[in-house]
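Worksheet: one structure, shown below.
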Protein chains: 2
Amino acid sequence: MRVNAMRDVAAAVRGRRKELGLSQADLARRVGVSRAWINAVEAGKPRVEFDLVLRLLDRLHLRLDLVKPGNHGDVFKGRSVDLDAILDEYRDQ
Amino acid sequence: MRVNAMRDVAAAVRGRRKELGLSQADLARRVGVSRAWINAVEAGKPRVEFDLVLRLLDRLHLRLDLVKPGNHGDVFKGRSVDLDAILDEYRDQ
DNA sequence: CTATGAAGTCATCGTTCATTGACAAGGTGG
DNA sequence: CCACCTTGTCAATGAACGATGACTTCATAG
């Protein structure tokens with residue numbers, strides 16, 4: 001499942017926590033954060049610390065994968081020139 | 001590639017940025033953060049805001065996937081009871 | 001050599017984070 | 001009914017964040 005925002009993490013966390021039959025307090029204790037924080041995360045609070053999220057997902061046995069979306073655009077074999085870069089060139093802000 | 005800590009993101013970001021031929025300043029402008037922040041991230045600073053990392057990865061066309069590691073342990077078909085949960089039960093802190 | 005750009009680092013500052021402790025609302029079981 | 005647990009929420013506090021501007025170092029180009 002792709003992660004576009006904290007809302008995605010929120011859903012996954014809540015679902016998995018219930019799967020494991022844990023209360024927010026249980027989970028908080030295991031992750032080493034406050035129950036209020038768990039609650040905020042599950043509510044989709046956007047600005048949270050990255051490493052805490054990693055610890056949280058780890059305790060839920062969820063993995064975070066970083067993928068470089070395919071150069072499936074290998075239509076023209078020779079020109080592996082970065083299309084991405086060119087596109088970027090014309091995207092502002 | 002699995003993300004265990006910010007150091008993993010750091011490596012990916014630096015590599016991808018160079019691939020795209022961007023300077024830290026360029027990237028910072030595109031993500032909407034300070035150059036110092038980009039620099040810190042590439043240095044593996046552990047406590048950074050999650051949503052900023054998401055914006056960063058997005059601008060680099062990198063995707064973050066949340067995966068629930070396989071129930072490849074489907075050896076005994078009937079008992080799909082949560083092994084995870086049981087293991088959790090006996091893991092403290 | 002000089003100039004320009006990139007990268008690394010620092011101090012300062014205002015903002016936001018996560019924690020703590022407390023309270024209320026909702027459900028469940030005795 | 002009451003007791004208990006869970007969840008949601010809040011105010012106050014100290015810690016850490018990210019922005020900014022300045023400075024240094026290093027490399028490359030002119």
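No experiment lies behind these values; they were computed from the predicted model shown. Below, chain A is the first sequence line, B the second, and so on; all start at residue 1.
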Name the nucleic acid region contacted by A:Ser23, choosing base, sugar-phosphate or nothing; use a 4.0 angstrom heavy-atom cut-off, strictly under.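 Sugar-phosphate contact only - A:Ser23 comes under 4.0 Å of backbone atoms but never of a base.
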Qualifying residues under side chain to side chain donor-acceptor pair (under 3.5 Å), relative to [X], sequence neighbours excluded:
X	answer
B:Asp51	none
B:Arg63	B:Asp65
A:Ser23	A:Asp26

A:Val53 side chain reached by A:Val41 side chain, heavy atoms, under 4.5 Å: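 SC-SC contact between A:Val41 and A:Val53 ruled out.
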With a 4.5 Å cut-off on side-chain heavy atoms, are B:Leu56 and B:Val33 touching?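 Contact flag for B:Val33/B:Leu56 side chains = no.
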Side-chain (A:Arg17) to main-chain (A:Leu22) donor-acceptor, under 3.5 angstrom: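 Yes.
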Side chain of A:Arg55, backbone of A:Val31: donor and acceptor closer than 3.5 Å? yes
Of all pairs that satisfy ring pair (Phe, Tyr, Trp, His ring centres under 6.0 Å), the ones with a partner from residues 28-51 of chain B, not counting sequence neighbours: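 Residue pairs with at least one partner in residues 28-51 of chain B: A:Phe50-B:Phe50.
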Per the ring pair (Phe, Tyr, Trp, His ring centres under 6.0 Å) rule, what does the pair list look like for residues 11-34 of chain A, sequence neighbours excluded? none
Find the distance [X]:[atom1] to [N]:[atom2] and express it as a whole number of Å.
X	N	atom1	atom2	result
A:Trp37	D:dT9	CH2	C1'	18 Å
B:Ile38	D:dT20	CD1	C1'	15 Å
A:Lys18	D:dT6	NZ	P	11 Å
B:Arg29	C:dA7	CZ	P	12 Å
A:Asp26	D:dT7	CG	C1'	13 Å

Counting only side-chain N and O atoms of B:Arg17, is one of them less than 4.0 Å from OP1 or OP2 of C:dA6? no
For B:Glu49, the salt bridge (Lys or Arg N to Asp or Glu O under 4.0 Å) test, sequence neighbours excluded, returns A:Arg47
Report all interatomic pairs (protein N or O, nucleotide N or O of nucleotides 21-29 of chain D) with separations under 3.5 Å.
none

Within residues 39-54 of chain B, find the residues that approach DNA chain D with a heavy atom at under 4.0 Å, and present them sorted by residue number. B:Lys45, B:Arg47, B:Val48, B:Glu49, B:Leu52
For nucleotides 24-30 of chain C, list the nitrogen or oxygen atoms of the protein found under 3.5 Å from its nitrogen or oxygen atoms, one pair per line.
none

Taking only distance into account, with no hydrogens and no angle test, what donor-acceptor pairs under 3.5 Å do side-chain atoms of residues 3-14 of chain B form with protein atoms, sequence neighbours excluded?
from, atom 1, to, atom 2, distance (Å)
B:Asn4, OD1, B:Arg2, NE, 3.3
B:Asp8, OD2, B:Asn4, N, 2.6
B:Asp8, OD2, B:Ala5, N, 3.1
B:Arg14, NE, B:Glu42, OE1, 2.8
B:Arg14, NH2, B:Glu42, OE1, 2.5

Bending between helix ends of the helix from C:dC1-D:dG30 to C:dG30-D:dC1 [5 pairs per end, 10° resolution]: 30°
